[in-house]
Amino acid sequence: MKSLVCTKPGELRYTDLPEPLLQSGQAIVRIRNICICGTDLHAFEGTQPFFDYPRILGHELSGELVEFDKAPGFRKGDDVTFLPYLNCGECIACRSGKTNCCVKLQVSGVHIDGGMAEYYSIPTHLLVQADGLSLTEMAMVEPFSIGAHGIRRAAIRPGEFVLVMGAGPIGMCALEFARLAGAELIVTDINLHRLDFCKHTLGVPHIIHAGAANMIERLMEITRGDMPAVVIDASGNRKAINQGLNYLAYGGRYILIGLQKEELIFSHPDFHKREATLMSSRNATREDFERVIQCIKNGMIHPLSFITDRVKFDEAAAGFPNWLNSSSHTIKAVVELD
Ligand SMILES: [Zn+2]
Ligand SMILES: [Zn+2]
């Protein structure tokens, strides 16, 4: 089968690999849509921490269920998506339902090979029914679930001001779920095109350029002196994350969806006087996937509005350098297989 292998940073190569064979407890999916994520782009760029090459990328996937061993409720030929987080089912996190942060977690396209191939094999318990969604919407369920999970952690109350730092697709997905939770939205990024997208397509009322020298004054003005009750980092930028605590209201919650590899440094008194809550938000769970699917079905979120680039599998390798280029105006690219 045709596969696209990231052989080393900056190099993607189409390679003919054997098709996966059906194994006990596994399902084989004929991949139809692959959405391209920041993780894929950073792996290609060579800036993704803890990444080994060669690696087949791709974890935002949908396709046709061709074969499976024990998958109650599923039929051959069903269009499906799945959780790309392979968990052990036995560790303390798994036992308490936090499969998203399993001690032995392996994420498709990160720790193990992903789905940029004609066929992909995954444990059947990760399959997700998404009847009624298009294949592209199904492939977009994963990134929306990341945003939904972060917002679920934040436990937003209607009317609270929520600042999202970073207007990449994950930040945008977080904004969408913060909106559904009744938040007053504020977004900051260095990319003006993305801020513009947030304003005009997502209807975010308050946008602030991340380079603005008067950031704190702007936030004071917007929140009428309170500052945001919730700050969400979706930038993964160390400077932004260290700075974010200064934007948080007293009694507020600070949620880190983005990840970087250095230590975080902020003032203990600044943290303490706020009685701030600091949380990380990792991946998502089945509950988040199901919530996202329901919201797409009900027309509460519109994943297709994020898709700016659509290419065939043959054109995917050539697409990567463009999608990485911040002046390319790409929000989300999708690769289609016949
Ligand atoms: Zn992703
Ligand atoms: Zn586990």
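Predicted model only: the values in this text are computed from it and were never measured. Atoms within a ligand are numbered from 1 in the order they appear, just like the ligands themselves.
Counting only residues at least two apart or on different chains, the side chain to side chain donor-acceptor pair (under 3.5 Å) pairs with a member in residues 33-44 are Asn33-Thr136.
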### Query
Run the side chain to side chain donor-acceptor pair (under 3.5 Å) check on Thr330 and Asp309 step by step: do they pass?
CA-CA 7 Å; Thr330 296; Asp309 300 63; 3.2 Å; yes
What's the verdict on side chain to side chain contact (heavy atoms under 4.5 Å, CB included) for Val292 and Phe289, showing C-alpha distance, side-chain angles and the deciding distance?
CA-CA 5 Å; Val292 168; Phe289 270 60; 5.9 Å; no
Evaluate the criterion side chain to side chain donor-acceptor pair (under 3.5 Å) for residue pair Thr188 and Tyr247; output intermediate values, then yes/no. CA-CA 11 Å; Thr188 176; Tyr247 307 150; over 6 Å; no
Hey, mind stepping through Tyr85 and Glu142 against side chain to side chain donor-acceptor pair (under 3.5 Å) and telling me if it holds?
-> CA-CA 10 Å; Tyr85 325 122; Glu142 196 268 350; 2.7 Å; yes
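Taking the six-membered ring wherever Trp is involved, the centroid distance between the rings of Tyr254 and Phe271 does not fall below 6.0 Å.
The number of heavy atoms from other shown groups lying within 6.0 Å of CG (Asp338) does not exceed 12.
At a cut-off of 2.8 Å, measuring from the Zn ion (ligand 1), the protein N, O or S atoms that fall short of it are Cys37 SG, His59 NE2, Glu60 OE2, waters left aside. Listed by chain and number, the protein N, O or S atoms at a distance under 2.8 Å from the Zn ion (ligand 2) are Cys88 SG, Cys91 SG, Cys94 SG, Cys102 SG.
Exactly one residue among Val80, Leu135, Leu61 makes a side-chain contact (heavy atoms from CB on, under 4.5 Å) with Arg32. That residue is Leu135.
Partners of His193 according to the ring pair (Phe, Tyr, Trp, His ring centres under 6.0 Å) rule, which considers only residues two or more places apart in sequence or in another chain, are His329.
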